[in-house]
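Being a predicted model, the structure only gives us computed values, none of them experimental. All heavy atoms count here, side chains included; hydrogens, waters and symmetry mates do not. Letters go in sequence order (proteins before strands), and every chain restarts at 1.
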Amino acid sequence: MDTTRSLSPRARWAVPAVVAGAVAAAFAVPATMGAVASDELPAVTADELVERLAVAEKVPVSGTVVYTARLGLPDVTVSEIQGAGPLDLLGGSSTVRVWSDGEDSSRAALLGEVSEYSVVRDGPEAWTYSSADDEAVHYVVDPADLERYEALAQEGAEPPVDGDVPTPSEAAGLALAYARTTTDVTTTEPVEVAGRAAYQLEMRPQTDGTLVDRVLVAVDAETSVPLRTQVWSVQDAESPAIEVGFTDVSFDAPDLSVFDFSAPAGADVREVEVPLPEPGTLEQPSSDALGKDAGVAVSGTGWETVVELSDVDVDEILGATSEGRLPEGSTGSSGADDLFEELTESEDGELPGLPELDTQALYEQLTTEVDGGRLLTSALLSVLVTDDGRVLAGAVPPATLEELAG
Amino acid sequence: MSLVDSPPAGPPVSSARATARLLGSELRLVFGRVRNIVLLVGLAAVPLLIGTVLFVTQDTPVAGQGPPFLDRVTGNGVFLVFAALVSCLPFLLPLCVSIVSGDAVAGEASAGTLRYLLVVPVPRTRLLLVKAVAALAYAAAAVTAIAGVGLVAGAAFFGVGDVVLLSGDTIPLAEGMLRTLGVVGYVVASLTGLVAVGLFLSTLTEVPVAAMAATVVVAIVSGVLDALPQLSAIHPALLTHHWLDFGEFLRLEVDASTLFAGLAVQAAWVAVFGALAWSRFTTADVSS
Amino acid sequence: MSGAEGDAGDAEGAGDAEGAAVRTRGLTKRFRSGQVGVDGVDLLVPRGAVYGFLGPNGSGKTTTIRMLLGLVSPTAGSVELLGTAMPGGGAEVLPRVGALVEGPAFHPYLSGEANLRRLDAADPTSAPGSRTRRIGAALERVGLTAAAGKRYRQYSLGMKQRLGLAAALLRPRDLLLLDEPTNGLDPQGTREVRALVREVADAGATVLVSSHLLSEIEQVCSHVGIMSRGTLLAQGPREEIADEGTTEVRVMTRPDQRAHAVRVLSGLGLDGARADGEVVAAPLGSVAVEKVAQAVVGDGIDLLGLEVRRPTLEDVFVRLTGEGFDVAR
């Protein structure tokens, strides 16, 4: 007979309690077990760290990245209906699997439940593929620019792709671009990211006029690969407004077949030739640099920069984006298109590539009616669309925009 | 005729043999029951239905709409397996698993047969184990029926070929079949937690319908909670959260840690609710 | 007659407690509702006995039997079946025990034979090789051979009861616990069950039969236990229970001589002599019945008839509880 029969009823009921405790412990332990001795790293200064980042040799990297946005936007997560797509990045958590050979090939896959959105770069060509609508877009560098690309490739330039997927490296690069402006750059205590010991840079805007409180970039102590970037808003001291970081990382060279993509049979394929970005457009924007483009005005500097676009037909954009991409020149200039996407980071720039979404409804859901226009507020970015066709955007409080709009 | 003339009993067999013998009897009971057979046939009809509808509508404007994988089916019959599984996972599969696991102990209690099994005697731990294995076998049969019929119907309607993964990469059919096996195995494993919950609820009542309904409710509530972004902190622990992770088998590189996370959550539910069921069943008074 | 408590002492005095087929000490079941279902029952069923376990519905018989079988765990007290402590020794002893608990119960969508097969397959000590033969024999014994392949759902109440008995008789048993085995049976079926019980007992097995119908059981019992409201009021050999102190002598005489007869009986030392309708009755006590006859005739009373009335179990029950068997609920 089962000898357990001799256990008292009370002892029997203790069994599930013990099991539940053991299960909880089993799930909790790996979180702390993997701790590495990040406090034993030799100290570095902020300048040294920035320097290391700049000169670091690019190494192959692959792993899993989790991107979390707490922008305070209404929930528009649609991946369960639409399949994985860049719009997921507006809110909540997204998981991205990345592979990079450390040179000019990389792949990022934004994971949906049973869907996937991939961006594959291999030299001068790139693919995006969405499993939900079985659509592939093939980007090739404009033949006219190919020669220039070969030269630039040595410096790690990539053909631009609509609907890109963020990686810690790209986010860190963007953050460092800001570091050149009016920013206090320091280091924090070393941290641990994805089981790796990492140094961490802290960048604090010197001004109060921005929504950005600080930006943290964790850098792998060994390889100097950025492992995590966090952007903290002044509105939330508890958790970062945007966080993109590895949860699992490996520096082994990925299998090269990963970068070898061709459109699957039966998929809709769109061919796009892209010009290389003009030198300078990725630099910090100023009115001077943009002066040649009509309809764009930049006010403020550094973190307080506000971009103002005139003569924007919102309705047309909303209609056009439902066809797949931001219409060329819709903001009044090609430079402004790039800038608009660059500045708005992963927000407005992601609107393309949403075939069946009611963008008008989304627009109304995201924005609120204010005096003289509609306002989008989030933890990091404010956008004001005035009734007379101007769009003002910046990492500043909404009041600043309304003031500027008059 | 007197008792003394009755044939003598055989020697007691080992515990494992006795368990195997009881399991055989239990499997015959579960798979011989008309209700359970009807449910299996119903589930197997789902891919057939989807396949037929897609076959009829494939050249019409409504083609290519619907849940994941549906638009792939007409190009490659293998995807009928996945489309059918995705269609059945939210409700039909949990329903069938809930009916069988919720019925496991409560059904015997309500029929009164539980007391006669226990005085045979069958040790309660052994009976619970056998009930759990039989319910799980039924869940496995349900998933296999959907997948098997899906594959046959898909091949018959649309033919099969190389499999395009979610990442857009193409793998040979043979590897695709292996991955399909992986999907079936993962979906079965995903249902183990629900079986444990059903078994526990089944030990609480003598009304089988109550245990079945409560088990279905657990699955549905889990799905609802999983859809609330405010509760994202508890999502990874939810019973149903990882169910669709079978999609991992259709990615470029099958990430073992993703699959392991889902299996670990199921194992946790099995451990906790299995222990609860054991405590309850071995201490409960059988008064039905 | 002796109460339950006195009996425990008797049993130990007899030195046969070891050999008892069923032995409980202070068996108590308090339900979660706080209601006491069984209260301090000391059951003693000697080996070889046919023990009538009597009591109205709701008196705690079924709960007691469930505790004997380990289905319900006692709040207090202990149980031994065939010398083995329950529930710990269940695996060892239960194969030797056949049971019918609160009516038969089988899977309605299986045939009678398939139901028996399932029970036999569940028994680790049964021999699979002889399964078919044993099932056939058990079915034949209860007269169900013709209905063996029929679904249980289609059985009549009597057939269901017989199948329950067949299950209890699947293997040779040393002890049968039959809870209300005649429920739902017609008079013919009831007679058959009684014959079956006798047959099993003759083969050397011990039988405990519970019933709320005294008359059905009384005739086959060698021993009797009486339950009411959760307590065991009395138990022992049937004659002892029935005989003690309550045998009455009833004297029939002419109406005008009844008062005279009462005086004569009282003179013999029979306390409680009284005119009871047409007769004069008195508890017999230790006075020999022939002495009564001689005294009555010798005193010149016309003795029209003389009856010694042994008390029925019902009388015992009424005397013990102060209420009728059927109303004590």
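- Scanning for salt bridge (Lys or Arg N to Asp or Glu O under 4.0 Å) contacts around B:D245 gives an empty result, with sequence neighbours left out.
- Here B:L127 contributes atom CG and B:T282 contributes atom OG1; the two are 12.0 Å apart, rounded to the nearest 0.5 Å.
- Residue A:E192 comes nearest to A:R228 through the heavy atom pair O-NH1, 4.5 Å, listed as atom of the first residue, atom of the second, then distance.
- For A:T95, no part lies near chain B; criterion is any non-hydrogen pair under 4.5 Å.
- Counting heavy-atom pairs closer than 4.5 Å to chain B, the top residue among A:V114, A:V23, A:T64 is A:V114.
- Only the side chain of B:T170 comes within contact range of chain A, with heavy atoms under 4.5 Å apart.
- Heavy-atom distances place the side chain of B:R72, and not its backbone, under 4.5 Å from chain A.
- Residue contact with chain A, scored on non-hydrogen atoms closer than 4.5 Å, involves the side chain of B:V164 exclusively.
- With values rounded to the nearest 0.5 angstrom, A:D248 atom CG is found 11.5 Å from A:R196 atom CZ.
- Judged purely by distance below 3.5 Å, without hydrogens or angles, the side chains of B:T125 and B:W278 pair a donor atom with an acceptor atom.
- In this structure, CG on B:L80 lies 6.5 Å from CZ on B:F158, to the nearest 0.5 angstrom.
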Report task. Step by step, work out the side chain to side chain contact (heavy atoms under 4.5 Å, CB included) result for B:L276 and A:W13. Result -> CA-CA 7 Å; B:L276 280 171; A:W13 280 107; 3.9 Å; yes
Query - Residues B:H235, B:L238; criterion side chain to side chain contact (heavy atoms under 4.5 Å, CB included); working and verdict - result: CA-CA 5 Å; B:H235 283 174; B:L238 287 176; 3.8 Å; yes
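- Of the inter-residue distances, the one linking B:L54 atom CG with B:T74 atom OG1 reads 7.0 Å to the nearest 0.5 angstrom.
- Heavy atoms of A:V258 lying under 4.5 Å from chain B belong to its backbone as well as its side chain.
- Between the B:R251 side chain and the A:S115 main chain, a donor and an acceptor come within less than 3.5 Å of each other.
- Both the backbone and the side chain of B:E253 come within less than 4.5 Å of a heavy atom in chain A.
- Note that CZ of B:F246 is 7.5 Å distant from CZ of B:F82, once rounded to the nearest 0.5 Å.
- Taking non-hydrogen atoms and a 4.5 Å limit, the residue list of residues 83-92 of chain B in contact with chain A is empty.
- Distance CG/B:L165 to CZ/B:R179: 5.0 Å, rounded to 0.5 Å.
- When heavy atoms are compared at a cutoff of 4.5 Å, A:A20 approaches chain B by way of both its backbone and its side chain.
- Listed by chain and residue number, B:D255 satisfy the side-chain hydrogen bond (donor to acceptor under 3.5 Å, both in side chains) test with B:S257 (two or more places apart in sequence, or in another chain).
- Contact annotation for residues 264-271 of chain B against chain A (heavy-atom separation below 4.5 Å, listed by residue number): B:A264, B:V265, B:A268, B:A271.
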